[in-house]
Amino acid sequence: MSTTDAALSGRPDHDDSLVEAAGGAADEPSGGGWAQRPWVARGRTVLLIAYGVGYVWWFFTYGVIIDRISVGISVLVFVLIAYIGKPWQRWARLPLDLSLYALMW
């Protein structure tokens with residue numbers, strides 16, 4: 001195990017599927033939950049790409065989103081899509097993260 005693998009193996013956000021896809025073996029067997037299935041990651045990627053395309057289309061059709069409500073909604077939608085397939089611990093932390101973002105306004 002390399003130094004990088006050793007440093008990442010204890011992190012809760014470390015994705016062993018990348019190690020397995022590269023031909024290595026993960027340190028621990030996967031839990032087999034739906035969040036670790038490849039179609040979930042592919043679906044999240046497709047949704048993020050669709051979001052990006054839709055955002056660019058909106059930009060060229062209507063211009064830059066400048067009001068607080070629309071910006072907040074667009075950030076919320078992006079974050080919700082990005083969190084699809086993540087463990088419940090990440091979802092539990094999401095309201096705190098979003099409230100800190102809202103405090104910046």
Side-chain angles (χ1 to χ4, degrees):
M1 179 183 309
S2 70
T3 307
T4 305
D5 290 339
L8 291 176
S9 64
R11 290 178 48 184
D13 60 345
H14 177 61
D15 188 7
D16 286 334
S17 64
L18 297 175
V19 175
E20 292 171 0
D27 295 333
E28 300 177 42
S30 66
W34 70 272
Q36 294 183 0
R37 299 194 180 176
W39 61 268
V40 174
R42 261 186 249 119
R44 180 176 54 236
T45 302
V46 167
L47 287 173
L48 285 171
I49 290 170
Y51 176 85
V53 168
Y55 204 87
V56 169
W57 171 81
W58 183 277
F59 173 75
F60 284 114
T61 305
Y62 299 106
V64 179
I65 296 175
I66 57 172
D67 63 294
R68 287 182 176 189
I69 300 299
S70 296
V71 170
I73 290 171
S74 67
V75 168
L76 179 66
V77 169
F78 175 79
V79 170
L80 289 176
I81 291 171
Y83 270 59
I84 292 174
K86 301 295 181 184
W88 68 267
Q89 294 91 344
R90 291 249 185 114
W91 281 94
R93 194 177 67 201
L94 182 60
L96 174 65
D97 293 343
L98 289 176
S99 64
L100 293 174
Y101 177 77
L103 277 174
M104 291 189 310
W105 291 343

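Considering only residues two or more places apart in sequence or on other chains, W58 meets the side chain to side chain contact (heavy atoms under 4.5 Å, CB included) condition with Y62, I65. Every residue meeting the side chain to side chain contact (heavy atoms under 4.5 Å, CB included) condition with I66, not counting sequence neighbours, appears here in chain and number order: V64. L47 meets the side chain to side chain contact (heavy atoms under 4.5 Å, CB included) test with I81, I84; sequence neighbours excluded. Under the salt bridge (charged side-chain N to carboxylate O under 4.0 Å, His left out) criterion, R42 pairs with no residue, sequence neighbours left out. Among residues two or more places apart in sequence or in another chain, the side chain to side chain contact (heavy atoms under 4.5 Å, CB included) test is passed with I49 by T45, V53.
Y101 and F78 fall within the same hydrophobic cluster, defined by Ile, Leu, Val, Met, Phe, Trp and Tyr side-chain heavy atoms under 4.5 Å apart, directly or through other members.
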Run the side-chain donor-acceptor check on residues 68-76: report pairs under 3.5 Å with partners two or more places apart or on a different chain.
{"from": "S70", "atom 1": "OG", "to": "D67", "atom 2": "OD1", "distance (Å)": "3.0"}
{"from": "S70", "atom 1": "OG", "to": "D67", "atom 2": "OD2", "distance (Å)": "3.0"}
{"from": "S74", "atom 1": "OG", "to": "S70", "atom 2": "O", "distance (Å)": "3.3"}
{"from": "S74", "atom 1": "OG", "to": "V71", "atom 2": "O", "distance (Å)": "2.9"}

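Atoms OH and OH, on Y55 and Y51 in that order, are 5.5 Å from each other to the nearest 0.5 Å.
No side-chain heavy atom of L94 sits less than 4.5 Å from a side-chain heavy atom of R90.
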